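A short worksheet on the structure shown next.
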Amino acid sequence: MDLTTRIRRRQRSGDDSQLVLDYDAISPVAHLREPTGRGSVLERLLDYVDPVFDDRLPRNAYVWGPPGTGKSAVVTALFARLGRLRSLSGSVIHTSTRGGTGVTPDLVSVDARHADSDFGLYRAILDAVLEEFVPEHGVSTETLHARLSEYLAPYDRRILVALDHVGEPDARRLVELASALDTVPDSLSWVAVGRASPSTLPEAVRPPDRIEVPAYREHALVDILTARASAGLARRAVEHEQLRQIASWADGNAHDALSALFAAAHAADSAGASRVRERDLWDGMNAVPRPSVSLGRVLALPDSRQQVLRRLVTLGEEGTSVSAAADAIAGSPAVDLSAGTVQRLIYELANDGIVERVASDRSNGAGRPPSRLEPQFPTAVFRQLYDIQPSSIAEA
DNA sequence: GATCCACGGGAATACACGGATG
DNA sequence: CATCCGTGTATTCCCGTGGATC
């Protein structure tokens, strides 16, 4: 057990109940080292990356499928594992900028939600590939581009980049990413991970290799829930039949299923129960809006946005309108933003679909009626995950 | 001095309503 | 009765500024 896990366990409130042993294990945003139930997808991905074993570079590719199907999980796990295997084999000093003898392609994962400019994209790749620190300020996009090109220039240097979450609501679109990568030497390939069907991609960026990741079958989802529950919950905390209910309700979406399990377990735990009761199960499923914005996306938002959301989900009466919510949030000592900025952020979040503005039914005369705010993600799960983030441990 | 980015602030625009107008 | 107008909010849009850094 690592330190973070230990700290998290200690952080649990209410020491008596031992229902949830490890929130991380049942977290919808944590990816397991061994993804469950995605064997055939994994096989296809292995076929795709096969050239890497011969120190060659695969072509561009596109992995796609609906939300909550483990696309990211599989690709992330594969890249991590390959990177680890390679460094174990010791045949390549891939992180060294000095060596120059490396021939195995570098494997880099980039979250398109973070690399939201050409600058960010180049920086993310360089940062993964170079040992030295890559500046975040004070240097032009052009400079980073040149550095990347320079890195790739030697004949035997190659990079395979996984572009995760491509084209999702607040990530860049593949077209933009691809064209940014088009201008570097072609000893760089990418494998994009997204939701949209390849037929919706412009022909110019539609890669030759495509791997579809279909929704989970119900029994596969039950397996996933079972594995997670046994890793993170006390023995017998939840019954097989309850997991089956969640799986059936989640309709193939692992994110939603795990969120419901998480929320149910948390509800039971904080009520001091030793097992998930029917009402907890019910609460858990009700805690997840359908469709739900993925928590991975919420937790990938810039800090200021997450702070705003964290306060927003605990507002009561003060949250009845955008401006009232903004005032209340800006007034919180934990938030260091002006009310105007908070308000703008809320509107931005609403535009991105992370919260929904609902037209108020009652109008009291003058002016345009304010709208109510409804988060489109599992708020209970978000609160818990946000509060146990390492950063908040540091602050505490 | 240059660079990127997040903030902040405010102008411009959209909308809802009641009342006035033709 | 159908439209237009004025007023008061809500929402969107835009851009300058300053921090942090090289």
Side-chain angles (χ1 to χ4, degrees), chain A residues 97 110-151 165 169-173 176-177 179-181 183-184 293 297-312 315 317-376 386 389 391-392 394-395:
Chain A
T97 57
V110 174
D111 187 335
R113 298 177 296 205
H114 286 135
D116 50 359
S117 60
D118 287 356
F119 181 90
L121 176 64
Y122 298 142
R123 181 174 189 285
I125 297 173
L126 281 170
D127 193 47
V129 131
L130 298 179
E131 231 169 36
E132 68 215 52
F133 178 76
V134 184
E136 296 166 315
H137 301 276
V139 66
S140 71
T141 306
E142 218 13 74
T143 307
L144 289 189
H145 178 267
R147 276 228 237 169
L148 181 56
S149 301
E150 207 175 293
Y151 177 84
H165 305 291
D170 42 22
R172 300 183 81 196
R173 290 176 309 147
E176 301 169 276
L177 293 165
S179 73
L181 293 178
T183 57
V184 304
V293 168
R297 194 176 146 206
V298 177
L299 293 165
L301 291 170
D303 238 25
S304 54
R305 273 76 174 169
Q306 289 192 55
Q307 280 180 29
V308 168
L309 287 175
R310 177 63 185 84
R311 307 293 164 253
L312 181 65
L315 287 182
E317 273 301 298
E318 316 113 292
T320 47
S321 73
V322 175
S323 64
D327 287 346
I329 292 169
S332 156
V335 177
D336 189 26
L337 301 169
S338 75
T341 299
V342 172
Q343 190 169 22
R344 186 172 54 76
L345 294 186
I346 292 176
Y347 280 119
E348 278 180 26
L349 291 166
N351 266 333
D352 295 341
I354 289 169
V355 299
E356 180 101 357
R357 287 192 296 112
V358 184
S360 165
D361 38 337
R362 54 186 249 90
S363 57
N364 54 341
R368 186 174 178 170
S371 42
R372 206 158 26 85
L373 293 166
E374 286 185 2
Q376 299 299 295
Y386 181 89
Q389 273 180 57
S391 62
S392 67
E395 284 167 20

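Here the structure is a predicted model, which means the values were calculated and not measured.
The backbone N or O of A:Glu356 sits nowhere less than 3.5 Å from a side-chain atom of A:Glu374 that would complete a donor-acceptor pair. Under a 3.5 Å cut-off, the side chain of A:His145 and the backbone N or O of A:Tyr122 do not form any donor-acceptor pair.
If you take NE2 of A:His137 and P of B:dC5, they are 9 Å apart, rounded to a whole angstrom. Remark: C1' of B:dC5 and CG of A:Asp303 are 15 Å apart, rounded to the nearest angstrom. Note: CD (A:Gln307) to P (B:dC7) measures 9 Å, nearest angstrom. Separating the CD atom of A:Glu142 from the C1' atom of C:dC22 is a distance of 17 Å, rounded to the nearest angstrom. In this entry the distance linking CG of A:Leu345 with C1' of B:dC7 reads 9 Å, nearest Å. Straight-line distance from the CD atom of A:Gln343 to the C1' atom of B:dG10: 12 Å, rounded to whole Å. For the pair A:Arg357 CZ and C:dT11 C1', the computed distance is 6 Å after rounding to whole Å. Nucleotide B:dA6 holds its P atom 14 Å from the CG atom of A:Leu349, rounded to whole Å.
Using a 4.0 Å heavy-atom criterion, one finds that A:Arg344 contacts the bases of the nucleic acid, with or without backbone contacts as well. At a threshold of 4.0 angstrom between heavy atoms, the contacts of A:Arg305 are confined to the sugar-phosphate backbone, with no base atom among them. Backbone-only engagement by A:Ser117 is indicated by non-hydrogen atom pairs under 4.0 Å involving sugar-phosphate atoms exclusively.
Counting only heavy atoms from C-beta outward, the side chains of A:Val355 and A:Leu309 approach each other to under 4.5 Å.
Checking C:dC22, B:dA16, B:dC7 against every side-chain atom of A:Pro369, the shortest atom distance belongs to B:dA16. Listed candidates were C:dT11, C:dG19, C:dC22. Nearest to the side chain of A:Pro135 is C:dC22. The listed nucleotides are C:dA10, B:dC7, C:dT12; the one nearest the side chain of A:Pro370 is C:dA10. Here the nucleotide nearest the side chain of A:Phe133, chosen from C:dC22, C:dT11, C:dT21, is C:dC22.
An OP1 or OP2 oxygen of B:dG18 is reached within less than 4.0 angstrom by no side-chain nitrogen or oxygen of A:Arg368. For B:dG8, the OP1/OP2 oxygens have a side-chain nitrogen or oxygen of A:Thr341 closer than 4.0 Å. For A:Thr141, a side-chain nitrogen or oxygen approaches OP1 or OP2 of B:dC4 to under 4.0 Å. For A:Ser338, a side-chain nitrogen or oxygen approaches OP1 or OP2 of B:dG8 to under 4.0 Å. A:Ser371 has no side-chain polar atom (N or O) that falls below the 4.0 Å cut-off from OP1 or OP2 of C:dA10. Between A:Tyr347 and C:dT12 there is no side-chain N or O to OP1 or OP2 distance below 4.0 Å. Between A:Ser304 and B:dC7, a side-chain N or O to OP1/OP2 separation shorter than 4.0 Å is present.
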Which is it for A:Arg297 and A:Asp111 under the salt bridge (Lys or Arg N to Asp or Glu O under 4.0 Å) test, yes or no, and what are the steps along the way? CA-CA 10 Å; A:Arg297 194 176 146 206; A:Asp111 187 335; over 6 Å; no
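Under the 6.0 Å distance and 45° angle rule, A:Arg123 counts as a cation-pi partner of A:Phe133.
Taking every heavy atom of both residues into account, A:Leu301 and A:Gln306 meet most closely at O-NE2, 2.9 Å.
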